[in-house]
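Report on the structure given below.
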Amino acid sequence: MKAATRFIAAAMLMALATACHYDEEVEVCNVSVQLVYPDNSVDPYAGVRVELRDALASIFVDSTDAQGTAHFNVPPGIYEASSNTQLVTYDWRYNFNGVKSLIIISPDSANHVTMKLKMSKKRIVH
């Protein structure tokens, strides 16, 4: 009887060990978000914050490169991209805002997003 109990216990432990195995790797997709400034008002510049938010409210943040493009590695899904920045010159303060919704990111698509920004400006009085 003791041998049968040990055999059953060993079989249960082996079943438990194989049942707990799962793959922890998450597939990610390369995504680029290109900011487009209105009427070529300014040239694209580095350091502009761009956010990608997925359906679960996870936020991925990157800054643009010198060409105005932010690069991300995110899981496939539906995203919203947004950017808000301010550029100050001697006479003007420019505000640039943009949002683009329902961006579908998948491994079998190009995943290049172009986001148009809207501009408002305010004159700086010296």
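Hydrogens, waters and symmetry mates are skipped; everything else that's a heavy atom, side chains included, is used. Given the structure is predicted, the values throughout are model-derived calculations rather than measurements.
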Would you call the rings of Y94 and W92 parallel, tilted or perpendicular if under 30° counts as parallel and over 60° as perpendicular? tilted

Hey, can you pull the donor-acceptor pairs under 3.5 Å for the side chains in residues 49-60, sequence neighbours left out?
from	atom 1	to	atom 2	distance (Å)
R49	NE	E51	OE2	3.0
R49	NH2	E51	OE2	2.7
D54	OD1	L56	N	3.1
D54	OD1	A57	N	3.1
D54	OD1	S58	N	2.7

All side chain to side chain donor-acceptor pair (under 3.5 Å) counterparts of D108, not counting sequence neighbours: S106

Only counting residues at least two apart or in another chain, list the ones meeting side chain to side chain donor-acceptor pair (under 3.5 Å) with S63. none

Test of understanding: with side chain to side chain donor-acceptor pair (under 3.5 Å), list the residues that count as partners of N30, not counting sequence neighbours. none

Could you tabulate the donor-acceptor pairs under 3.5 Å formed by side-chain atoms of residues 114-126, not counting sequence neighbours?
from	atom 1	to	atom 2	distance (Å)
H126	NE2	Y90	O	2.6

Go through the steps for Y45 and T85 under the test side chain to side chain contact (heavy atoms under 4.5 Å, CB included), then give the verdict. CA-CA 11 Å; Y45 59 97; T85 187; 3.4 Å; yes

Quick one: do the T89 and D91 side chains pair a donor with an acceptor below 3.5 Å? no

For the atom pair CG (N111) and CD1 (I103), what is the distance rounded to the nearest 0.5 Å? 10.0 Å

Identify each donor-acceptor pair in which a side-chain atom of residues 66-77 lies under 3.5 Å from a protein atom, sequence neighbours left out, and give them as a table.
from	atom 1	to	atom 2	distance (Å)
T69	OG1	Q34	OE1	2.3
H71	NE2	D65	OD2	3.2

Residues in side chain to side chain contact (heavy atoms under 4.5 Å, CB included) with I78, at least two apart? L102, I104

Going through the distances and angles, do V48 and Y37 end up as a side chain to side chain contact (heavy atoms under 4.5 Å, CB included)? CA-CA 12 Å; V48 177; Y37 293 88; 3.6 Å; yes

Connecting only ILVMFWY residues whose side-chain heavy atoms lie within less than 4.5 Å of each other, what is the rest of V28's hydrophobic cluster? none

Under the side chain to side chain donor-acceptor pair (under 3.5 Å) test, residues paired with S101 that sit two or more places apart: E80

